[in-house]
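Owing to the predicted nature of the structure, the values given are computational and were not obtained by experimental measurement. Numbers for residues simply follow the sequence, beginning at 1.
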Amino acid sequence: MTDQQRQLLRAEFDQRAQKGPSLDARHPGLMEKVYRRMQAQPQDRFLDLGCGSGWAARRLALIAKDGLAVGVDVSDEMVRLARRLSVEIENLMFVTGAADEIPWQEDFFTLVFSGDSAFYWPDPAPAAREIFRVMTPGGRLFVLNTFFRDNPFWERWQSVYRLPVVLKSAAEWADVFAEAGFEAVETTQVTDETPVEADFQPNEWYASPEEKAEFRRLGALLIEAAKPVHAASPPPGDAKPALTVLK
């Protein structure tokens, strides 16, 4: 990531630190499925990459009560906000960093999550390699994207983003992590059966409650992968993982 790209991201998310709902608030049923899929354990060392206000890190820190949760975000203001909202959780900390320059030692995190952040990485390949570096052998990765090529709303959403975003299909995202050395790479569309909020108002993302319900029915993209137990293992071959729908 260049200095200019980093500054653009930081400025955008410094502004967002003052407003806007978090992903779990917008799609609660979706995130509950993702949490269950993670199967976090009390001893886990958890990384939330692109943590925003820290909503996922707080949730996982309470589960990993004998471990540690770390939130990393490119925005100083987001990190400050996350810290203010998390002062009562002792095994949780937040630091400033980027996906391709994670300020942590190698082979440390047993569980890594990134929610609606990956499509902001200017070049996903070095970010995937950096995530691989900081994960412990056998560690598991979960990357959730609502913006991806298989989402029928992608063309409209792409015009809404104020920053450049990376558009990839499920198969292309899987390739990014397979080429970085991860194994057992799977893609899943996670649905959300939660009814659309009664006070819904049309916005730049959804023109009607029916559109929001349609997105929830189709689902967001979840990429799962694992770092090989023997970190020197070669990357997986050319097999393309199937896209399934998690009900």
Inset, instruction - Find out if a path of hydrophobic residues (ILVMFWY) with successive side-chain heavy-atom gaps under 4.5 Å connects V74 to V79. - result: no
Inset, instruction - Hey, could you give me the NE2/NZ distance between H27 and K33, rounded to the nearest 0.5 Å? - result: 13.0 Å
Legend entry - Main-chain N/O of Q39 paired with Q41 side-chain donor or acceptor, under 3.5 Å: yes
Legend entry - L167 CG to Q158 CD distance, which is reported to the nearest 0.5 Å: 5.5 Å
Legend entry - ring pair (Phe, Tyr, Trp, His ring centres under 6.0 Å) contacts in which one or both residues fall within residues 64-100, not counting sequence neighbours: none
Extract all donor-acceptor atom pairs below 3.5 Å that involve side chains of residues 63-73 and protein atoms in other chains or at least two apart in sequence.
unit_1: D73; atom_1: OD1; unit_2: S75; atom_2: N; d: 2.9
unit_1: D73; atom_1: OD2; unit_2: C51; atom_2: N; d: 3.3
unit_1: D73; atom_1: OD2; unit_2: G52; atom_2: N; d: 2.8

Legend entry - Smallest separation among heavy atoms of Q5 and T2, with atom names: OE1-N, 2.9 Å
Legend entry - From CA spacing to verdict: side-chain hydrogen bond (donor to acceptor under 3.5 Å, both in side chains), E211, S208: CA-CA 5 Å; E211 281 195 356; S208 67; 5.0 Å; no
Inset, instruction - Kindly write out the residues that satisfy ring-ring contact (aromatic ring centres under 6.0 Å, His included) with F46, not counting sequence neighbours, or none if the list is empty. - result: none
Please tabulate, one pair per line, all N/O donor-acceptor pairs under 3.5 Å involving side-chain atoms of residues 123-141, not counting sequence neighbours.
unit_1: D123; atom_1: OD1; unit_2: A125; atom_2: N; d: 3.2
unit_1: E130; atom_1: OE1; unit_2: R133; atom_2: NE; d: 2.9
unit_1: E130; atom_1: OE2; unit_2: I102; atom_2: N; d: 2.9
unit_1: E130; atom_1: OE2; unit_2: R133; atom_2: NE; d: 3.4
unit_1: E130; atom_1: OE2; unit_2: R133; atom_2: NH2; d: 2.9
unit_1: R133; atom_1: NH1; unit_2: W104; atom_2: O; d: 3.1
unit_1: R133; atom_1: NH2; unit_2: I102; atom_2: O; d: 3.1
unit_1: R133; atom_1: NH2; unit_2: W104; atom_2: O; d: 2.9
unit_1: R140; atom_1: NH1; unit_2: M38; atom_2: O; d: 2.7
unit_1: R140; atom_1: NH2; unit_2: M38; atom_2: O; d: 2.5

Legend entry - Any W173 side-chain heavy atom under 4.5 Å of T187 side chain: no
Inset, instruction - Give the intermediate values and the outcome of side-chain contact (heavy atoms from CB on, under 4.5 Å) for residues L60 and Y35. - result: CA-CA 8 Å; L60 273 296; Y35 291 134; 3.5 Å; yes
Inset, instruction - Measure the CG-CG distance between D116 and L221 for me, rounded to the nearest 0.5 Å. - result: 10.5 Å
Legend entry - Heavy atoms of other groups near E88 CD, more than 12 under 6.0 Å: no
Legend entry - Side chain to side chain, T146 and W157, heavy atoms closer than 4.5 Å: yes
Inset, instruction - Apply the test side-chain hydrogen bond (donor to acceptor under 3.5 Å, both in side chains) to residues D150 and S169: give CA-CA distance (whole Å), side-chain angles for both, the deciding distance (0.1 Å), then the verdict. - result: CA-CA 6 Å; D150 308 289; S169 66; 4.9 Å; no
Legend entry - Full working for salt bridge (charged side-chain N to carboxylate O under 4.0 Å, His left out) between D107 and K227: CA-CA 10 Å; D107 300 334; K227 182 172 178 176; 2.7 Å; yes
Inset, instruction - Sequence neighbours left out, what passes ring-ring contact (aromatic ring centres under 6.0 Å, His included) with F142? Give chain and number order. - result: none
Legend entry - Side-chain heavy atoms of L218 within contact of N151, under 4.5 Å: no
Legend entry - Common cluster, L163/F147, ILVMFWY with side-chain heavy-atom separation under 4.5 Å: yes
Legend entry - E32 and R59 ion-paired at < 4.0 Å: yes
Inset, instruction - With the side chain counted from C-beta on, respond yes when W121 and L49 share a heavy-atom pair under 4.5 Å apart, and no when they do not. - result: yes
Inset, instruction - Could you check if a side-chain atom of R37 sits within less than 4.5 angstrom of a side-chain atom of V190, using non-hydrogen atoms only? - result: no
Legend entry - Heavy atoms from other residues, nucleotides or ligands near CD of E204 exceed 12 (cutoff 6.0 Å): yes
Inset, instruction - Applying side-chain hydrogen bond (donor to acceptor under 3.5 Å, both in side chains), run through E193 and T191 and close with a yes or a no. - result: CA-CA 7 Å; E193 287 74 32; T191 60; 2.8 Å; yes
Legend entry - T194 side-chain N/O to P28 backbone N/O, donor-acceptor pair under 3.5 Å: no
Inset, instruction - Apply side-chain hydrogen bond (donor to acceptor under 3.5 Å, both in side chains) to the pair S86 and R58, showing each step before the final yes or no. - result: CA-CA 7 Å; S86 311; R58 283 188 291 275; 3.0 Å; yes
Legend entry - Connected via hydrophobic side-chain network under 4.5 Å: V112 and M93: yes
Inset, instruction - Could you check if a side-chain atom of V34 sits within less than 4.5 angstrom of a side-chain atom of L144, using non-hydrogen atoms only? - result: yes
Legend entry - Heavy-atom check, side chain of Y206 versus side chain of E214, under 4.5 Å: no
Legend entry - Donor-acceptor under 3.5 Å (N145 side chain, V143 main chain): no
Inset, instruction - Decide yes or no for E197 and K212: does some side-chain heavy atom of the first lie under 4.5 Å from some side-chain heavy atom of the second? - result: yes
Inset, instruction - Apply the ring-ring contact (aromatic ring centres under 6.0 Å, His included) test between W205 and each candidate in F215, W154, Y161; give the one that qualifies. - result: Y161
Inset, instruction - Identify whether L111 and L92 are in the same connected component of the hydrophobic contact network (ILVMFWY, side-chain heavy atoms under 4.5 Å). - result: no
Legend entry - Partners meeting side chain to side chain contact (heavy atoms under 4.5 Å, CB included) with P209 (sequence neighbours left out): V196, F200
Legend entry - Check: S117 side chain, S114 main-chain N or O, donor-acceptor pair, under 3.5 Å: no
Legend entry - CZ on F148 to CD on E172, rounded to 0.5 Å: 12.5 Å
